[in-house]
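Computed from a prediction, not measured in an experiment: that's the story for all the values here. Counting convention: from 1, in listed order, for ligands and their atoms alike. We use all heavy atoms of the structure for the numbers below, so side chains are in, but hydrogens, waters and symmetry mates are not.
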Amino acid sequence: MSGVDPASGSAASESASESLAENIELAEKSDDLMMIDPTGTEHRLLPELSSTTPEERVLVVDFGAQYSQLIARRVREAKVYSEIVPSTLTAAEFAARRPSAIILSGGPKSVHVEGAPAIDPAVYELGIPILGICYGAQLIAQQLGGTVGRGGSGEYGRTTMTRSADAESVLLTEDIPQTQEVWMSHFDAVVEVPEGFRATASTPGAQVAVLENPDRKIFGVQYHPEVVHTPFGQQLLEQFLHQIVGLSSEWTMENFVETSVAAIRAQVGTGRAICGLSGGVDSAVAAALVHKAIGSQLTCVFVDTGLMRKNEGEQVVETFHRHQGLELIHVRSADRFFEKLAGLTDPEEKRKAIGELFIRVFEDARGGITDAQFLVQGTLYPDVIESGTAHAATIKSHHNVGGLPDDLDFDLVEPLRSLFKDEVRAVGSELGLPDEIVWRQPFPGPGLGVRIIGEVTPDKVAVLQEADAIVREELRLAGLEREIWQSFAVLPDIRTVGVMGDERTYGYPVIIRAVTSEDAMTADWARIPYEVLEKMASRIINEVPGVNRVAYDITSKPPGTIEWE
Ligand code: XMP
């Protein structure tokens with residue numbers, strides 16, 4: 001697929017675009033979106049564009065690194081809708097998605113390696129503006145007849161890029177300095193641009209750091225404009241999207257709410273929907289959005305397992321029922337959970353017991369609303385990408401909201417499927433949800449059950465709730481809440497000797513766990529100031545009866561996990 005022959009390019013591409021046009025027409029008419037290409041191979045096209053997909057959209061082609069998600073997010077920060085697609089799409093499949101522009105992401109491979117991912121060369125003939133980043137830039141050079149040098153010294157990290165004095169650039173705006181810092185991560189480099197292109201900037205390790213063909217609106221940058229270490233990176237992306245492609249800034253959460261509300265109404269009609277609220281931000285925002293669309297046709301079920309954080313149950317009821325006016329079934333089932341957990345000490349057995357009982361309780365509650373055909377779920381875009389694209393590694397097993405299995409007999413309403421987490425928070429604020437919900441840290445489905453080592457009892461839950469509340473409160477008072485991914489207390493199954501006053505004590509230790517992370521796949525222990533840790537420790541020992549010692553967990557993930565069980 002890689003390496004179109006530049007000499008025979010134009011004649012071949014004319015007939016290619018003719019058959020392409022026919023195929024696109026065929027594809028658009030076909031009900032099941034199947035397409036047969038000129039070689040007789042069948043292709044399944046991507047799911048139909050939905051009514052909520054904005055007219056202006058950018059496709060980010062995933063070449064297998066983590067960069068594509070970041071690029072897609074940066075495009076959305078420029079208020080343009082973006083989606084990630086696999087590099088294996090044919091040109092017809094690209095065209096059927098009707099993108100306003102295509103961005104080719106970076107990737108871990110060399111274009112010279114056997115089997116390196118490439119795009120269908122006919123994509124370059126579609127007349128759609130293209131920006132290649134790092135690997136994407138090299139691919140453009142290679143596929144359109146330029147030369148990519150192998151190896152060399154490569155460049156990793158910050159480097160200085162200088163604009164060419166003699167080549168006019170449309171991508172690098174006038175207000176970008178002549179020399180600027182950019183972030184690089186490459187081994188190969190473009191050494192010769194394809195015909196019709198010009199090199200407009202260079203770095204010590206890349207004589208072609210930027211290549212441009214303004215007539216065809218095809219561009220490549222060797223550096224990574226999407227990372228924060230490239231100060232003028234976002235400016236470059238915006239120049240491409242707004243000035244060169246001419247896209248407006250319509251992807252806002254206000255517009256999203258408006259189009260989603262219409263789409264949810266169209267999907268649910270006069271039907272009834274239910275939603276499992278877990279107290280977490282995703283299910284909360286999904287519920288609030290669906291409620292805005294269909295009002296009392298939605299009933300939420302909140303299974304209170306007794307394993308929530310301090311006051312969490314009341315807060316969910318307060319926020320959703322009293323303030324938002326949502327119809328809410330609050331199932332107080334702590335007794336059932338404690339009964340089921342009695343005597344269980346193995347982490348997996350505990351998780352299984354909690355998960356199974358949760359489903360049973362949810363199903364019982366659902367019995368009261370027999371006519372509900374729709375189930376609202378807070379699935380986010382990263383979950384969709386992880387299960388959907390060719391290259392992104394599947395690292396995380398998906399946790400459905402509240403731990404519900406996929407095979408419940410419902411039609412799913414998933415209004416957040418196209419959103420990243422930061423966008424979900426913005427929608428939550430837009431819908432008037434309080435900060436405590438919108439900025440809530442992730443909380444595991446089995447709740448405090450996986451933070452109490454050994455048998456879970458009501459007494460231990462009470463101790464842990466108090467200690468945990470202090471940890472989170474002190475972190476909030478120190479203004480560190482939003483920098484920390486998760487912060488909580490853990491209660492191990494051991495006792496320790498201490499002395500308080502003149503008395504010997506024999507009590508529980510509490511372990512404080514606080515981590516920074518981007519996505520929970522990896523995490524680092526948070527460097528909380530000693531004074532804050534000291535305050536937490538002294539308050540826990542003084543205020544929580546039965547606790548006489550506090551430790552801080554300084555394990556990263558890997559090798560540890562975030563939760564203790
Ligand atoms: P670990 O402990 O595996 O956790 O590093 C990674 C992230 O997942 C959360 N977590 C869960 N979330 N159901 C959930 O919805 C679960 O069973 C579950 N177990 C862990 C954990 O809090 C962290 O954010």
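D468 places no side-chain N or O within donor-acceptor distance of the main-chain N or O of L464, the cut-off being under 3.5 Å.
Note on ring orientation: taking the six-membered ring where Trp is involved, the planes of W183 and H229 are tilted (angle from 30° to 60°).
Considering R425, R440, R482 as possible partners of D435, the one that fulfils the salt bridge (charged side-chain N to carboxylate O under 4.0 Å, His left out) test is R482.
Close approach to R351 involves these atoms of ligand 1, each under 4.0 Å from a residue heavy atom: 16 (C), 17 (O), 18 (C), 19 (N), 20 (C). Atoms of ligand 1 lying under 4.0 Å from at least one heavy atom of T561, given by number and element, are 1 (P), 2 (O), 5 (O). Numbered from 1 in the order shown, with element, the atoms of ligand 1 that lie under 4.0 Å from a heavy atom of G445 read 12 (N), 13 (N), 14 (C), 15 (O), 16 (C). Listed by atom number, the atoms of ligand 1 under 4.0 Å from P446 heavy atoms are 13 (N), 16 (C), 17 (O).
At a 3.5 angstrom cut-off on N or O pairs, K557 counts as close to ligand 1. Close N/O approach between P442 and ligand 1 is not found [any backbone or side-chain N/O within under 3.5 Å].
Considering only non-hydrogen atoms, atom 9 (C) of ligand 1 lies nearest to P444 out of G280, P444, G560. Between atom 4 (O) of ligand 1 and the options V515, V450, D282, I562, the minimum heavy-atom separation is to I562.
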E349 vs K352, salt bridge (charged side-chain N to carboxylate O under 4.0 Å, His left out): CA-CA, chis, key distance, verdict: CA-CA 5 Å; E349 280 179 23; K352 227 172 119 211; over 6 Å; no

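Pairs of residues two or more places apart, or lying in two chains, that qualify as side-chain hydrogen bond (donor to acceptor under 3.5 Å, both in side chains) and include a residue from residues 254-264 are T252-N255.
No more than 12 heavy atoms of other residues, nucleotides or ligands shown are found within 6.0 angstrom of NZ on K292.
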